[in-house]
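Keep in mind that the numbers below use all heavy atoms, side chains included, and drop hydrogens, waters and symmetry copies.
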Amino acid sequence: MRTPRAAPAPLRLVRGALRALTALAALTGLVSCAGGPSLEHRGAITAAPGDSRELAIGSAGFTESELLAQMYAALLRQAGYRTHVLTVGNRELYEPALEAGQIDVVPEYAATFADWLNAKEHGAQAAPVASPDLDATMTALRRLATPRGLTVLPPGRAVDQNAFAVRAAYAAEHRLRTLSDLGRAKLPVRLAAGDECVQRPFCAPGLRKTYGINITAVDPKGVGTTPAKQAVQNGQDQMVLTTSTDATLDQFGLVVLADDRKLQNADYVVPVVNRSRAGSARPTAALNRLNRVLTTEDLARLNEQVDSWRRLAADVAHNYLVSKGLLSKS
């Protein structure tokens, strides 16, 4: 499962003060909503896909989600829609709002969202439905999303999943390019990560089972934090848990070891829309233009511009779309 990001930001509206008051009131009423559309609205699931003229784009309150939401909003505006971006700090809030049509489009992650919906439907102890197989994960995700009035659009090229990095000098010394190489080397490895890594199957247990890596301890410094990277940089730890869109690794002299046996699930970026409001062909076509272009490396560089260079997410998103010929400069 994709590791959670930083602490959620408070609810705020990036555009449209008047619309914000209406949306905020609606979202407040939806906090306790745990199920899919009510019985009187279930017809929206089988009705023709909607094409509302004004669309609310949801963001989950961390840099990458904000960037994706801003790009979605810009592309949909170019396609003729009035758009505004709502930042809602966590999935427990924005997913019910998406079902109810208070939010129309959100950027999501295939594996994480599939398992989240599965747990919502079948309970926290339900067996995971996501896997490293993208097709199987998408099939499971759509099976869970459709009865809730949600349409999951095709995944893009970008993927944001757990990644493990070591010092470049350490990798060169021991001839390491993959996690399998590290397992074969039989080196003792102290891992800088979140404290939950001790039990999560895609972290320390998975590294031991899938790769035979000798994880001697988990140093609880967080996921991809500066202290965690510094601990590997200075040799206190040998490896750090980060994400595949982390663009700061070279600043610490770190390199990612390839997940060559596919321990991590298929957490590809996918747009998810409310079918009754944004399920028609035109929004899909607009958002698919980004899917065909945006790569994991691109997303890492965009994150860096916001997090390290302190640029506004809206400006970074606009400039990227222009550079790829997806948006006019004006």
Side-chain angles (χ1 to χ4, degrees), residues 1-6 109-112 114-115 119 124-125 127-134 136-137 159-268 296-297 299-300 303:
M1 181 179 293
R2 182 174 177 274
T3 304
R5 293 286 194 163
Y109 301 89
T112 296
D115 279 338
Q125 302 307 314
V129 295
S131 74
D133 185 320
L134 177 58
T137 297
V159 57
D160 186 351
Q161 60 192 26
N162 290 343
F164 297 91
V166 301
R167 280 189 304 119
Y170 178 86
E173 177 186 357
H174 298 288
R175 299 182 179 180
L176 307 176
R177 292 187 300 172
T178 68
L179 290 170
S180 289
D181 292 339
L182 182 57
R184 284 190 292 269
K186 303 300 181 184
L187 297 165
V189 175
R190 182 176 164 92
L191 176 61
D195 53 8
E196 69 277 4
C197 178
V198 173
Q199 296 182 327
R200 288 197 173 178
F202 307 114
C203 201
L207 291 172
R208 293 188 182 105
K209 181 178 180 180
T210 302
Y211 290 105
I213 296 174
N214 180 19
I215 304 295
T216 60
V218 173
D219 186 5
K221 285 185 163 56
V223 179
T225 63
T226 295
K229 294 171 191 173
Q230 289 173 335
V232 178
Q233 183 183 39
N234 64 30
Q236 176 184 342
D237 298 332
Q238 287 72 50
M239 188 161 66
V240 60
L241 168 63
T242 184
T243 65
S244 58
T245 57
D246 186 340
T248 67
L249 294 178
D250 58 345
Q251 298 174 21
F252 298 88
L254 307 180
V255 294
V256 169
L257 297 182
D259 179 22
D260 53 310
R261 294 185 185 173
K262 298 189 182 300
L263 171 63
Q264 303 305 318
N265 279 343
D267 249 337
Y268 284 76
T296 303
E297 293 74 20
L299 201 47
N303 286 334

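- Contact check for Val240 versus Gln233: no side-chain heavy atoms found under the 4.5 Å cut-off.
- Judged by distance alone, the side chain of Asp160 and the main-chain N or O of Tyr109 form no donor-acceptor pair under 3.5 Å.
- Side chain of Asp181 to backbone of Thr178: a donor-acceptor contact under 3.5 angstrom is found.
- Between Ala165 and Val232 the shortest heavy-atom distance is O-CG1, 4.4 Å.
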key: Verdict with supporting geometry, Asp260 and Leu179, side-chain contact (heavy atoms from CB on, under 4.5 Å)   = CA-CA 7 Å; Asp260 53 310; Leu179 290 170; 4.2 Å; yes
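- The two residues Leu191 and Cys197 make their nearest non-hydrogen contact at CD2-SG, 3.6 Å.
- Between Leu176 and Tyr170, some side-chain heavy-atom pair lies under the 4.5 Å cut-off.
- Here the CZ-OG1 distance, from Arg190 to Thr216, works out to 7.0 Å after rounding to the nearest 0.5 Å.
- Of the possible polar contacts, none joining the Asn214 side chain to the Lys186 backbone as a donor-acceptor pair under 3.5 Å is found.
- Shown here for Gly224 and Lys229, the closest heavy-atom pair between the two residues is O-CE, 3.1 Å.
- The backbone N or O of Ala163 sits nowhere less than 3.5 Å from a side-chain atom of Ser244 that would complete a donor-acceptor pair.
- Closest non-hydrogen pair, Ala266 versus Ala110, comes out as O-CB, 3.5 Å.
- When side chains are defined from C-beta on, Met239 counts as touching Leu207, because their heavy atoms get closer than 4.5 Å.
- Between the side chain of Tyr211 and the backbone N or O of Arg261, at least one donor-acceptor pair lies under 3.5 Å.
- In this structure, the side chain of Asp115 engages the main chain of Ala130 through a donor-acceptor pair within 3.5 Å.
- Counting heavy atoms of neighbouring residues, nucleotides and ligands inside a 6.0 Å radius, atom CZ of Arg177 does not exceed 12 of them.
- Using a distance-only test at 3.5 Å, with no hydrogens or angles considered, a donor-acceptor pair links the side chain of Asp259 to the main chain of Gln264.
- When atom types are taken as modelled, the side chain of Asp219 and the backbone of Lys221 share no donor-acceptor pair closer than 3.5 angstrom.
- Contact check for Leu254 versus Arg167: side-chain heavy atoms found under the 4.5 Å cut-off.
- Without hydrogens or angle criteria, Thr225 side chain to Ala228 main chain gives a donor-acceptor distance under 3.5 Å.
- Looking at every heavy atom in both residues, Leu249 comes nearest to Val256 through CD1-CG2, 3.4 Å.
- A donor-acceptor contact shorter than 3.5 Å is absent between the side chain of Asn265 and the backbone of Asp267.
- Between the OG1 atom in Thr137 and the CG atom in Asp133 there is a gap of 6.0 Å [rounded to 0.5 Å].
- Side-chain atoms of Thr245 and Thr296, non-hydrogen and from C-beta on, do get closer than 4.5 Å to each other.
- Looking only at side-chain heavy atoms (C-beta outward), Phe164 and Ile213 stay at 4.5 Å or farther from each other.
- You'll find the side chain of Val223 stays beyond 4.5 Å of the side chain of Thr242, heavy atoms only.
- The shortest non-hydrogen separation linking Leu241 to Ala193 is CB-CB, 3.7 Å.
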